[in-house]
Each structure stands twice: as C-alpha cells, then as structure tokens.
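Below is one structure; the comments refer to it alone.
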Amino acid sequence: MSTPALHTALGGARATPRVGVDRILHPRSVAVFGASDSTQKFGGRIMHFLVHHGFAGDIYPINLHRPEVLGRKAYASIAAPPTPADVAILAVPADALVSSVSQAAEAGVGCCVIISTGFAEAGPEGVARQAALVEIARRTGTRIVGPNCMGLIVPHHRLALCSSVVLDTDRLRDGPLGLVSQSGALMVSIFDRAAADGIGFRACVSLGNQSDLELCDFIDYLIDDPGTEAICVYVEGWLDGARFRRAAAAARAAGKPLLVLKTGRTQAGVKSARSHTASLAGSYDGFSAVCREEGVVLARDPDDMVRAAHFLVRHRGPRRGGVGILSSSGGGAGIASDRVSELGLRLAVLSPGTREALGELLLPPQADNPIDLGGRRKPEEVEIAGDAARTLFADPDVAYGLAILTSMPFFATRTKLIGEAAQAVDKPVMIALTPGAAATAPRQALRDLGQFYFDRVEDALRVIALVAEHDALRATAPPGAKRPAGLPLTVGAVGAGMLAEAEARRLLAAYGVELAREAIAKSPEAAGDAAAGLGFPVVLKAVSRDIVHKSDVGGVRLGLASREAVTTVAREMVTALGPLDGFCVQETVSGEAEVIVGARRDPHFGAVVLVGLGGIAVEILKDVALAPAPVSAGRARAMLESLAAAPLLAGARGRPPLDIAAIVDAVVRVSWLAADLGPRLVDLEVNPLIVRRAGRGAVAVDARARLEESPT
C-alpha cells in the first residue's frame, strides 16, 4: 500500500541517509533478525538462502537464545556485531517491529528491509506504526524498504535477502533486467517464472508500502546502472507522479526500455458523474497518456512484460515494418494473420526478391506472407523449414517474426532449423509450439539453442504487440510544446467551484477559443428581447450552477424562430426545472460534426487534455484521445488521427473534409489553459465544439469548468 499522506505529513528536513541504493543492493554485511537453523521459519529460510547462494559479505544472525546459527556466530542484539550492518532484514511481529527498527537505527544500521505486515495496509493502528517507522528513518538516516515487502534478490551479488521458497534453487539466474515491484509475492513469482523461461535479472526489489524508499528510488538507480538494460515495474500507486515521469524520460534518454504493469485500470469504484471529461479521463487513462508521451510500454500481464523486455534487450532495434508469419499449418497461419490485424499490427509486405526465393521452395499460394510450410515443392525435404524461415525473416519489411509450429514430420529437426534461422537475424522472432507431449523433443531442441519459445500462440502475439508498441513509442520524438503567441501569461482572477457558463466562456475566450455569440438574460421576457437582437433562429439554455448536463433535463431548446417562442419556452423551463439563475440565448451554429475538447487534473500527473467525438453521445461512443497538457499542434493532430472517427473528420466516403486545423488549435489552447490553471483545475470542457468544413473554423457552443480555491 502506498502512503502519500504519510510522506506528506512527515515531510520536511531529514537526517542524511546512511546508505544509498547501490549499497542497499550490494551490502558488505547483512543482519538477520530472528535468525534460525530451521527453514520452517522466516529467519531460518533467509539465513539458508544467504549461505546457500554464496553471499560473500558478513552475515550477522540476531538471536537472543543461540550462540550460533548455521555455523556462524550469533548475536543477542543488533548492537552486538563488530560493525553496523549495511542492511538488516526483519520479519518480526508488527507490535515488536517499531522497537526493533529503533534499535537497529541506534546501532547504526544503514537500511532495514521489513517483511512484517500489519502497517498502513491494516487500519488506523497500522498507520500509526508505519508513521513511527518513517519518523525513525527521517530522524536517524536509516533507510527503510517496506514494510509489507518480500525483500531483495541481486543475483550477480549472490544476495538472496528474501524468505520466499522460490529461492530454494541451485542458482540465482543473473541477467540484464531490473524488476521493481510494489508486491512482494508477485515479485518472487515473476522471478521464478522468468527463471523457468531462461530469463535472468540484474536485481529484483519489492517495496511494499513504500514508507521511506519508494519505487522511483530504485527505478532511478537502475536507469543509471550499466548492468541493467531494461526495467520492469509493477505498481499499485505512485507516491510522486511527477518523479515517475522524470524517470521515464530519463530511461528513454538512456535507451533503456521501461515496461510497467499497473493495477486500477478500470473505472470500477470510481465515481465521476460531474462531467463527461471526468468520467472519460480517469486516473488510469491519465497515467496511460503520460506513459505514451514518455515512451513507457504498459503491459497487462507480468509474464508478457518480462518476456517483452527480454526480446527488447536481445534485439535493440530500431525497427519499422510488419509481422512475417511462418507456420506448419495453414489453419495456424490464418488464425495468426487475423490476430495480428486485430492487435493493430500489419502483415509484412514481402519484396519481389523474397517472394521469388520462396517460390523456389513452396507452391505459389504458400510463397508469400503468411507462409504455410505444408505447400512444399519437395514434400519430404527437411531443410526447407530452415530455408523458408531464413528467407522470410531476412525480408526488409519483416520487423517481427512469428513461427507457429504444429506437429509435422521431422518435428524436432525442422524446429531446430527454424530456431537457427531465428537466431541468424537481429530481429525478435517468436516461436510458438502448439502441441503437447508431441513437442517435447522440439522444445528441447530450442532450449539447446538458447532460443526462447512459447507454448501458446496468444502469448507470443501479446509479446509481439508489446515489442511493437515500444518501437512505435520510441520512434516518436520526445514531447515538447511551445506556448502559442497571444496567450495570457496568467489565468487571472476567477472564482472557485462550478463556474457559471459565462465565467467558463471568459476563460476560454481569453485563451483564444472561438465562441458562439450569446447573451445572458435574467427573465423569460429579457430572453425574448436578447434573441431578437441576435437574430433568429436561436438556442435557449437554462442557466444554473446546479445543472451540469442541461440537455438531459430539458434545459436546452434549439431552433427557436421568434421572440414569442423564446419567451414561452423560457417560462416552461422555469416550471419544469424550478428557479434558475437566468437564461443563455445563443446564435444557432451549424457545422458538420460535434467534438468534445476537455481537460482535467490528474492527482498524480497534473493536467490532461482530451479530444473526441462530442455531443450527447460522447460517453456512449467513448471515442477519445488523451495527452498530458500542454500539447503541441503535432501532438494534438496525432490525438485526432488516433480516433476511430478520424476518417470522418478527414472526409471519408465522399464527405467533405472538416477543419482539422481548427480542432487542433482549440485542443492546444485548452491544453495551455489547463496547464496554467495548475492545481486549481478540477475539470473543464467544451462540448460541443461545432466543426465546419475545412477552412471555415470550429466554434464552441457550450462550456463548463470546475475549479478549486487558489492555494494559500
């Protein structure tokens, strides 16, 4: 459980940290509270794993009742060892934990790794205990990892500072991946599964409640660590979203893939009925937008995340192109082709030379992408599998290879040839073996080659999608938005709470958003007079701070063509809706499409701007794109191009192209308004923005905004 409130409450000056992250991951000495000879106990398993995996530093067993543990001198207290431990690990009851950490800090211990539970995740008493831990850390300089974590695994340092049974193995598999996880149990499960896949880690860290050291402390370290080539993160909640964004930018600059799996993707339990923007731009949506902007790949499964990182390290790219598919089954090739398209990827278009070379091996229908090895010119030729694979994977438009192998003659031999072809190209090639026991020998052939393989086609496809997403994100220039000329330098004086529409319009007008002409009237009769001044037909809207979606309750009427009609409808609104603040009489604006442009403040990542199809169906269609504000014109245009409705805006099926430049301009201006409002912004939106044909502009006809009080 992340605890930003505790960090805020206990902020301020702190003692100089006794150790940095590098020393925590590479300690010269460790102390084990509750050390035991028994592997049935937490302290016993930790001691066993430290000794078994050959930790070369000093080990200080802390046990009041034993003179030695596993043949090593034991100490009655943490103050008794000859030198203070760099790191101490504690798995003691929660009610004794604070006292134990205090003793460790007084003894000069550099860092306490706390496995114990029963803190901020366990109610008010636990929150108080965790606050006491944070106070000790700030006062003494002793760092804390946890509580409610699983510890550290650093294979190249032979450090297994963790009690999980997954460490009961012959060796800790080293590798170039870093893993930082808020969940301890998930961390060790990922480590174990990756080892079974032949994937190793540079370091694995679980942070639990992030009471002191947090995820970004270790992400920052791994970005700078020469031995770490890609970073995987599991997170439930960020303590500092701005810091994560800086870390993501640094990982991108360092050329290190950063892959993140975050819980809380859905809107379950999230209540945001005050505006379309608030409901469409939820917390995960804002986080996802920031990740896209900074080149971070978002995974939905931990195995996919680690496997994609593995391929990104082995094949560093850059890559541009499509997917080349090879299968020993026509059905497998067809299924894969459909799934590639459904994932938003494309099949590679083979060059004439590649097709000609394949034509010497395969019958004409199979001599193109996707390849079906069943259509061989010489049915029993074994080598054709390797020859076809090499030819396909070498094609310049093949960026990603996918081999789906069903049972076939000479199964193991042909699989080995395809594996060798995959290793001969510096491209990510996913090999999926679909049979069960019949593929035992082919799997072993690939293991002997050191070639990664999958047992499910879907697993391979998801990993290809993540690798391709990384390549597309990294091919995009880093974000940068230049302030448009003519914008005010400050927002100026504006109220708080739900603004009247006139106040929201003044904000938008100050930032250059084109607005429909309108007049505000206090009575039905005054509304009729205002309509006559604007010219008929007009739109009449009820004005009330208590009504957000006016069209839902009959607070908007269109096409009123006379003074009498306006006055009559205004009176009907009062009868139906009760006392109103007044009426807005607006010119009728016609156009070809309705668009929503909105913004909200994400509590972790700041202002986020949104654009999509608007009008009353916006939450039904949910065709929107988001980006952290402010945005450049190029980013705003890319947002529009990502919409499902983009072809309609561009003029599909004989429709006239719309004024996309005007939409882009509105998005940019709203994004700067949102950014300038800073922490005052809750949400704001223009809905609809009426878009006319190309060159004729776009006009905002409805606006709303909700702001916080100015910070003191």
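Bear in mind that the values here come from a model prediction, so they are computed numbers and not experimental data. Position 1 is the first residue of the sequence; numbering continues from there.
Judged by distance alone, with hydrogens and angles left aside, the side-chain atoms of K416 form no donor-acceptor pair with the main-chain N or O of A445 at under 3.5 Å. For N209 (side chain) and S211 (main-chain N/O), no donor-acceptor pair under 3.5 Å exists by modelled atom type. Between the side chain of N148 and the backbone N or O of G208 there is no donor-acceptor pair closer than 3.5 Å. In this structure a side-chain-to-backbone donor-acceptor pair under 3.5 Å is missing from E294 to R252. Between the side chain of S328 and the backbone N or O of L405 there is no donor-acceptor pair closer than 3.5 Å. Under the 3.5 Å distance criterion, the side-chain polar atoms of R18 are left unmatched by any main-chain donor or acceptor of G110. A donor-acceptor pair under 3.5 Å links the side-chain atoms of Q423 to the main chain of L449, judged by distance alone. Under the 3.5 Å distance criterion, the side-chain polar atoms of S337 are matched with a main-chain donor or acceptor of A333. Judged purely by atom type and a 3.5 angstrom limit, S206 has no side-chain atom pairing as donor or acceptor with the backbone of S183. Proximity of a side-chain donor or acceptor of R316 to a complementary backbone N or O of G255 within less than 3.5 Å is detected.
Using the six-membered ring where Trp is involved, F452 and F454 have ring planes that are perpendicular, over 60° apart on the 30 and 60° scheme. The aromatic rings of F287 and W238 sit tilted relative to each other, their planes meeting at an angle between 30° and 60°.
S163 is listed as a side-chain neighbour of I46, based on a closest heavy-atom distance under 4.5 Å. Contact of the D197 side chain with the R193 side chain is registered, since non-hydrogen atoms from C-beta on lie closer than 4.5 Å. Within the 4.5 Å cutoff, the side chain of T142 has no heavy atoms near those of the I136 side chain. Counting heavy atoms from C-beta outward, H310 and V463 have side chains that stay 4.5 Å or more apart. No side-chain heavy atom of V165 sits under 4.5 Å from any side-chain heavy atom of V188. The closest side-chain heavy-atom distance from L161 to L50 is below 4.5 Å. You'll find the side chain of L261 stays beyond 4.5 Å of the side chain of D301, heavy atoms only. D459 is not listed as a side-chain neighbour of D303, based on a closest heavy-atom distance of 4.5 Å or more.
The local environment of CZ in F42 is sparse, with at most 12 non-hydrogen atoms from other residues, nucleotides or ligands closer than 6.0 Å. Within a 6.0 Å radius of CD in Q40, no more than 12 heavy atoms belonging to other residues, nucleotides or ligands are found. Few gaps surround CD on Q444; more than 12 heavy atoms of other groups in view lie less than 6.0 Å from it. In this structure, R320 places its CZ atom where only 12 or fewer heavy-atom neighbours from other residues, nucleotides or ligands lie under 6.0 Å away. The environment of CZ in R158 is sparse: at most 12 heavy-atom neighbours from other residues, nucleotides or ligands sit within 6.0 Å. Within 6.0 Å of atom CG in D338, more than 12 heavy atoms from other residues, nucleotides or ligands are found, so the atom counts as buried in its surroundings.
Rounded to the nearest 0.5 angstrom, L152 CG and I89 CD1 are separated by 7.0 Å.
Taking both residues in full, the closest heavy atoms of E293 and R245 are given as CG-NH2, 3.8 Å, listed atom of the first, atom of the second, then distance. Here the closest heavy-atom approach between residue P428 and residue F311 is recorded as CB-CD2, 3.9 Å. Nearest heavy-atom pair, A248 versus L258, reported as atom, atom and distance to 0.1 Å: CA-CD2, 3.8 Å. Taking both residues in full, the closest heavy atoms of K256 and R474 are given as O-NH2, 3.1 Å, listed atom of the first, atom of the second, then distance. Among all heavy-atom pairs drawn from A438 and F411, the shortest one is O-CD1, 3.6 Å. What you find for L626 and D285 is that their closest heavy atoms are CD2-CB, 4.0 Å.
Between R72 and D58 there is no salt bridge, since none of the side-chain N atoms of the basic residue sits less than 4.0 Å from a carboxylate O of the acidic one.
A cation-pi arrangement is absent between R246 and F244, since the terminal nitrogen or guanidinium carbon is not both under 6.0 Å from the aromatic centre and inside a 45° cone about the axis.
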Test salt bridge (charged side-chain N to carboxylate O under 4.0 Å, His left out) applied to D220 and R243, step by step: CA-CA 10 Å; D220 287 345; R243 185 180 180 189; 3.1 Å; yes
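With respect to C111, the side-chain contact (heavy atoms from CB on, under 4.5 Å) criterion is satisfied by exactly one of V19, V30, D86: V19.
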